[in-house]
Amino acid sequence: MRAEDVVKQVVCAPPKLKLPGPHHHCPGCHYGIILRLLCEVIEELGIEGQAIGITGGGCSARWVAYLDVDMAGGIHGPGVAIATAIKRIYPETIVFTIQGDGELGAIGLGSFMAALLRGEKLTTIYLNNACYGTTGGQMAPTTLLGMRTTTTPQGRDPRTTGFPFHGAELAASMRGTAYSGRVSVHTPANRQRAKKALRAAFQRQIEGVGYTLVEFLSPCPPNWQLSPSDCLTFIEEKMIAEYPLGEFKNVAQIDY
Amino acid sequence: MSQFQVAVAGVGGQGALLFGRLLAEAGRSRYEHVSYFPHYATIMRGGQSECTVIISHQEISSPITFELQAVIIMHPQFVEQYQNRVQPGGRLFLDSSVVPHKITREDIEVFYIPATKSAIELGDDRVANLVLLGAYLEATKAVPLELVEKALEGRLRGGRGEALLPLNKEALRQGARLITNYGGWKDDQRRNSY
Amino acid sequence: MTGEKILCEGNEAVGRGAIYAGCKYFFGYPITPQNEIAEFMARELPQIGGVYVQPEGEGAVAYMLFGGALTGQRVMTATSSPGFSLMQEAISHLAAVEAPAVIVEVMRLGPGAGTGGQQGQTDYRQVTKGGGHGAYRCLVIAPYSAQEIFDFVQLAFYLADKYRIVVIVLTDFILGRVAELIELRRLDFEPLPQKDWALKGKAQKEGRRSCHLSGLVWGGVTGYFSRQLDKYQEIVASETRYQTYKTEGAQLLLVAYGSMARVARDAVDRAQAQGMKVGLLRPITLWPFPKRAIREAGLAAGKVLVVEDSPGELVEDVEVAVGGQVPVHLLNILARHIPGPSGLIYPERVLQEVKALI
């Protein structure tokens with residue numbers, strides 16, 4: 001075996017739907033991995049011609065320039081409302097939103113709840129890093145109890161700031177939801193499970209069943225003030241303890 | 001006349017707006033220009049409810065005007081304000097069964113119409129508005145009564161209210177008769193007593 | 001093209017005009033006094049293959065308008081003052097990505113919850129100067145009859161598409177409620193370019209990708225604003241609309257828009273019948289504002305009377321237009337008569353003011 005062949009086997013090519021050029025995510029952030037999984041799943045399902053993605057504010061806003069499908073966004077909060085209009089106007093398209101925990105659990109909670117109540121046939125890629133990453137790591141609805149952030153300098157106290165927001169469980173509790181699961185990409189095995197979950201969610205949208213959501217746990221090294229490798233431990237020990245991984249709902253049919 | 005203007009004031013549920021809407025619908029086949037302005041509070045029942053109708057051969061500059069040729073008062077709460085909205089020489093119609101007032105203005109013609117009492121005698125107090133409309137049409141000749149009947153048919157035919165059509169038409173005609181045989185305030189007092 | 005005449009309320013005329021313009025998608029939320037528009041669309045759109053969506057509030061409505069506008073289809077919403085305030089954020093985003101949409105604002109009266117069932121023109125400044133952030137413009141059209149509402153809604157869709165801009169059709173309680181005879185006619189406009197920027201999936205566009213990011217992360221700040229300024233300049237040059245009424249030889253110029261222009265017009269008729277030389281200039285577009293026409297007519301008359309059902313907002317633009325060269329008087333919301341649930345400014349009151357000034 002020649003050396004070049006070894007390289008070809010070990011390093012795989014970037015996904016076709018990832019537009020050329022670097023992304024802007026910080027070292028140790030998992031958004032790049034999640035972006036890759038998203039590209040792969042859309043490509044493998046053969047839906048790139050029908051796919052339309054809506055990004056939120058914050059770190060995933062610029063995914064409009066990373067994915068080679070129709071994209072819009074950069075707006076903090078109302079992603080599912082925007083996506084709803086597109087899906088209602090073009091029911092044959094596959095519409096997904098990429099939104100952070102501040103969006104689904106705080107500023108866009110109303111839009112999120114309303115879309116769940118209506119059972120919109122969308123896919124939400126929900127990125128949970130337990131803080132507002134872009135703005136400097138302030139407390140988010142998902143910040144762990146006791147966790148220090150720039151707006152909870154003494155650590156999050158549930159008596160004044162409430163308890164962590166569980167988006168995937170909330171989605172699973174709604175009648176109009178077809179798929180809801182929580183995944184992480186901090187180990188290779190979890191990455192495989194995450195991709196399977198994302199695929200299952202898109203599949204349910206393709207089948208026209210109902211609302212679909214995949215919550216991704218992801219670290220924010222600069223704001224967590226941990227090294228990329230310590231972030232992996234933090235996810236394993238702290239994040240998953242609060243936010244258990246798994247599939248909370250997956251149904252082929254919703255009775256109307 | 002080239003233009004007729006009327007304001008109808010009642011409380012929600014009395015049918016002041018239907019009076020106006022029917023007149024506007026009937027008026028459109030005789031006049032090139034019609035405006036109907038329903039003005040009511042955001043309360044489904046019992047709130048103040050007023051409308052202004054103008055039917056005209058000329059373009060209608062404003063659909064609202066303070067002084068009008070005719071005013072219909074269906075409830076005592078409007079007497080004080082709305083009697084001032086009749087132009088000198090104009091006409092004021094009161095449902096004398098529910099409005100006990102005697103109007104003192106001498107520069108207008110006042111018709112005391114026992115509309116609610118007539119409606120009850122016809123079988124349903126809710127057609128008092130149509131008794132008043134019949135009276136208004138007979139007194140002013142703004143449009144022929146038949147056109148209003150046609151407008152009513154257009155609304156009620158084929159719907160839940162179809163069975164009420166004869167009653168509604170009779171109310172209109174009763175209103176017209178009250179004008180034909182109109183005997184003034186004293187006569188009305190006698191008619192309204194039970 | 002001429003068509004059937006029907007007796008139609010202003011609010012219903014909005015819906016009919018939109019459907020004539022090819023709008024099949026409406027996003028709405030109940031608020032008085034625009035409910036008849038949403039109800040009309042909810043009833044009619046499904047019959048023509050369209051969609052009515054009612055989300056959790058006007059904020060979401062406006063974001064649905066954003067998503068809908070980006071599909072390239074003609075989309076509309078209608079609201080009233082508090083709802084319009086809730087929409088400002090999304091309107092700013094619509095402006096940022098230059099998405100065309102039509103918003104009908106049926107004004108109610110006053111700040112806060114205002115007065116659902118009352119007449120007012122108290123949103124002039126918000127509508128014409130932009131309630132959202134970022135120095136954008138919306139084109140604002142102010143019809144004054146049911147026929148104009150029907151026609152101008154069609155015009156609004158055309159202008160929205162032509163300039164990729166949000167067009168606001170501004171009416172109020174009176175105009176929304178007044179029923180008048182309207183001729184159902186389809187207005188013909190110049191052909192428009194293809195919306196090659198629309199989101200519909202690459203498969204519908206020979207593999208071409210569309211991308212819209214609200215914000216100026218890429219592409220440069222000056223590039224964006226210089227494009228906007230060019231566009232705004234063209235709109236000012238080509239789309240400024242107004243109407244004069246009996247202004248020839250007038251010694252007093254009334255300026256009013258929307259329902260108050262009807263009231264002012266009636267006062268002009270009455271004043272002329274009594275031998276007074278009074279005319280009316282009615283801005284039809286509130287932005288672009290007919291600054292030069294008001295200046296010329298105002299200077300020719302020698303004095304101006306602004307009639308508006310507001311403490312005084314339009315009057316500020318009129319004062320700027322005449323540049324202090326002639327006196328500008330104001331008949332405002334305090335000139336209401338009381339009859340009716342809320343009081344209204346009647347032609348008689350305007351005439352009284354005209355007599356005092358002439």
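Residue numbering restarts at 1 for every chain, and letters A, B, ... go by the order of the sequence lines.
- From I54(A), atom CD1 reaches atom CG of L199(C) across 6.0 Å, with rounding to the nearest 0.5 Å.
- Between D68(A) and R209(C), the closest side-chain pair of non-hydrogen atoms falls below 4.5 Å.
- In this structure, the side chains of M64(C) and T84(A) come closer than 4.5 Å at one or more pairs of heavy atoms.
- Only the side chain of K205(C) comes within contact range of chain A, judged by heavy atoms closer than 4.5 Å.
- With 3.5 Å as the limit, one finds no donor-acceptor pair spanning the side chains of Y90(A) and Q204(C).
- For A198(C), the part lying under 4.5 angstrom from a heavy atom of chain A is the backbone only.
- For a residue to count as touching a neighbouring chain, one of its non-hydrogen atoms must lie under 4.5 Å from one of that chain's; by this rule L117(A) does not touch chain C.
- At a 4.5 Å heavy-atom cutoff, the contact between A65(A) and chain C is made by backbone and side-chain atoms alike.
- Across G68(C) and A85(A), no two heavy atoms sit closer than the pair N-CB, 3.5 Å.
- Legend: residues meeting side-chain hydrogen bond (donor to acceptor under 3.5 Å, both in side chains) with E89(C), ordered by chain and number and at least two apart, are Y63(C).
- Nearest heavy atom pair, residue V64(A) against residue H212(C), reads CG1-O, 4.3 Å.
- Separation of atoms CZ (R88(A)) and OH (Y52(C)) is listed at 11.5 Å; rounding is to 0.5 Å.
- Closest approach of I75(A) to S214(C), counting heavy atoms only: CG1-CB, 3.9 Å.
- Proximity of a side-chain donor or acceptor of Q73(C) to a complementary backbone N or O of I89(A) within less than 3.5 Å is not detected.
- Only the side chain of V75(C) comes within less than 4.5 Å of a heavy atom in chain A; its backbone stays farther off.
- Heavy atoms of other residues, nucleotides or ligands lying less than 6.0 angstrom from NZ of K196(A) number 12 at most.
- Using a 4.5 Å cut-off between heavy atoms, I52(A) touches chain C through its side chain atoms alone.
- The contact between T93(A) and chain C is made entirely by side chain atoms (from C-beta outward), counting heavy-atom distances below 4.5 Å.
- Only the side chain of R118(A) comes within less than 4.5 Å of a heavy atom of chain C; its backbone N, CA, C and O stay farther away.
- Options A114(A), P78(A), A61(A) differ in how many heavy-atom pairs under 4.5 Å they form with chain C, and the most are formed by P78(A).
- R227(C) CZ: more than 12 foreign heavy atoms inside a 6.0 Å radius.
- For L70(C), the part lying under 4.5 angstrom from a heavy atom of chain A is the side chain only.
- Heavy-atom pairs under 4.5 Å with chain C were tallied for G79(A), G73(A), G110(A), G53(A); the largest tally goes to G73(A).
- For the set G74(A), S111(A), G108(A), the count of heavy-atom pairs under 4.5 angstrom toward chain C peaks at S111(A).
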